[in-house]
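Read the structure below first, then the notes.
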Amino acid sequence: MTVKRIAFVQELLKFMGLEGRLHLEWISSAEAQKYVDVVTKFTEKIRNMGPNPLRAINEMKKAG
Amino acid sequence: MDCEFVPSVCSYCGTGCGVLFEVIDGRINRTLPLKSHPVNQGKLCIKGWNLHEYINSYMRLKGPLVRENGRLEKATWDEAVNQAARRFTRIKEEHGPDSIGVLVSAKITNEENYLAQKFTRAVIGTNNVDHCARL
Amino acid sequence: MDMVKAAKELLLQDKVDIFLGYRKLDGHQIPHGFTKAHVDDLDQLEISLNRYPLEKIACDLAQKDPALKIGILARDCSQRALNLLYTWDQLNPENIETLTVNCCPSPLSTHGDCSYLTPKPTGDYKKAHGVDYNDSPKDFLANHDSGERLSRWMYEFQKCIKCYGCRNVCPVCFCKECSLEHPNLVEPGVLPAEVPIFHLIRATHMAGRCIDCGLCEDACPAHIPLRMLYREVNDAVSDIFGYVPGDHIEKSPFSIIGKTVELTPAPMDV
């Protein structure tokens with residue numbers, strides 16, 4: 001069920017112009033190294049993409 | 001089972017959107033926008049969409065109540081109107097007519113609104129009269 | 001008129017207890033529940049140009065009396081909505097009789113009675129800064145980069161006055177508890193609505209449900225192109241799961257747990 005929902009939401013976010021900010025990975029509790037790798041890779045990816053554009057829009061709205 | 005639809009006008013604000021009540025067995029069950037109404041053209045705001053809720057609310061006032069000894073008691077219209085007249089007269093005598101203000105509604109007729117301002121100016125004797133559609 | 005005769009037969013032969021159609025009252029074409037006791041009222045039966053969610057009304061009736069047999073004047077979108085409501089056990093197909101009327105034109109039936117025969121006009125400002133009602137989701141995705149897609153949708157969403165009309169009018173929105181009323185997801189009493197969360201929650205819940213009737217877009221006081229958004233939702237569901245809601249009676253991929261769909265998480269592209 002999770003993979004179905006995530007696959008759909010990824011598609012929806014792409015349509016909205018927010019692609020790449022959602023990721024699903026199966027990691028067992030025995031796969032410590034994989035966990036570290038995935039989190040590092042994803043953090044790096046998000047950092048390269050920069051802050052969430054929604055934040056800028058919301059702050060602009062607050063400022064009027 | 002009986003199911004009919006009754007076109008009406010939203011009773012919340014002065015815009016006057018057309019609504020359609022879904023009446024099942026004599027009880028209003030749902031409100032829909034009236035699509036062919038020239039004012040709202042099939043659209044409603046959140047208050048209009050929930051119009052049926054207050055009609056069926058158990059809190060709804062269905063007759064006059066008069067406060068006696070701190071409690072609201074059921075009364076007849078004669079009792080309630082007499083009580084109101086007595087108290088208004090007393091307030092007017094003690095504090096002057098400008099201590100009373102009248103707010104009228106967009107949901108009564110022009111003639112009733114006219115009557116209300118006439119009552120305020122001629123009977124009570126104050127210019128403190130206003131209307132919710134003057135927002 | 002054949003339609004009136006057919007509806008009268010349904011009522012007189014006790015095939016249905018109530019027939020949901022349209023009639024004219026005070027100059028407005030509005031829905032009406034015709035009954036056997038007043039069968040002559042059916043002479044006023046009309047195929048209204050204004051569409052109302054008759055299937056939703058049928059659900060209301062079925063909730064009051066589950067054994068009630070209901071006849072419905074059904075367009076193509078009503079048929080899809082009924083199929084979906086059968087799928088989700090909201091209506092019993094044995095209790096529903098439909099009289100089909102022409103709707104959106106197709107190669108087989110060029111005549112239609114639907115309000116969508118002429119495309120809705122889109123203003124110039126909306127075309128420049130917002131989302132065109134008549135754009136196809138595929139073209140929208142191809143013609144605009146991600147920043148522009150976001151800004152265009154945010155332009156549309158921020159107009160929302162949170163009237164909940166899209167949900168209230170939707171023939172396939174039948175949940176007793178709605179996520180849009182959950183205080184942790186959508187803060188009650190706060191305007192403007194939290195965008196785009198409010199609309200994305202609804203879009204997500206339309207996955208595998210939306211039957212593309214367009215009533216939500218009709219009911220939106222802020223002119224948000226909701227039909228176009230839910231078309232994209234439908235495209236995504238059909239691309240990923242090969243499921244078209246309301247096409248026939250088939251469980252939605254989101255309602256079945258198990259291995260009916262073989263999917264693996266998409267790899268991370270850096």
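Just so we're clear, the structure is a prediction, and the values are computed from it rather than from any experiment. Letters go in sequence order (proteins before strands), and every chain restarts at 1.
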Report, as yes or no, whether the 6.0 Å neighbourhood of atom [atom1] on [X] holds more than 12 heavy atoms from other residues, nucleotides or ligands.
X         : atom1 : result
Glu73(B)  : CD    : yes
Tyr114(B) : OH    : no
Asp43(C)  : CG    : yes
Glu94(C)  : CD    : no

Could you tell me whether the side chain of [Y] reaches within less than 4.5 Å of the side chain of [X], counting heavy atoms only?
X        : Y        : answer
Asn29(B) : Lys64(C) : yes
Leu20(B) : Pro31(C) : yes
Ser36(B) : Ile30(C) : no

Exercise for the section: Indicate the atoms forming the closest heavy-atom contact of Lys35(B) with Leu215(C), along with that distance. Expected result: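 Answer, listing the atom of Lys35(B) first, then Leu215(C): NZ-CD2, 3.3 Å.
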Problem - Heavy-atom closest contact (Tyr52(C) atom, Pro33(B) atom, distance) - result: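 Of all heavy-atom pairs spanning Tyr52(C) and Pro33(B), the closest is CE2-O, 3.3 Å.
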Per-residue contact mode, [X] against chain B (heavy atom under 4.5 angstrom):
X        : value
Ile18(C) : side chain
Asp65(C) : both
Leu68(C) : side chain

Starting at [atom1] of [X], measure out to [atom2] of [Y] and round the result to the nearest 0.5 Å.
X        : Y         : atom1 : atom2 : result
Lys43(B) : Ile161(C) : NZ    : CD1   : 10.5 Å
Leu20(C) : Phe5(B)   : CG    : CZ    : 6.5 Å
Asp60(C) : Met1(B)   : CG    : CE    : 10.5 Å
Asp2(B)  : Thr35(C)  : CG    : OG1   : 6.0 Å
Cys3(B)  : Phe34(C)  : SG    : CZ    : 10.5 Å

Practice task
Evaluate side-chain contact (heavy atoms from CB on, under 4.5 Å) for Tyr164(C) paired with Asn50(B), printing each intermediate quantity in order.
Solution key: CA-CA 10 Å; Tyr164(C) 286 76; Asn50(B) 295 293; over 6 Å; no
Exercise for the section: Considering only heavy atoms and a distance below 4.5 Å, find which of Leu25(C), Asp26(C), Val169(C), Ile57(C) pairs most often with chain B. Expected result: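 Among the listed options, the one with the most contacts to chain B is Ile57(C).
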Problem - Top of Asp25(B), Leu34(B), Val6(B) for chain C proximity - count of heavy-atom pairs under 4.5 angstrom - result: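 Option with the greatest count: Leu34(B).
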Problem - Side chain / backbone / both / neither for Leu44(B) at chain C, heavy atoms under 4.5 Å - result: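 Backbone of Leu44(B) only, per the 4.5 Å heavy-atom cut-off to chain C.
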Problem - Segment of Glu4(B) engaging chain C (4.5 angstrom heavy-atom cut-off) - result: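 Contact with chain C: backbone and side chain both.
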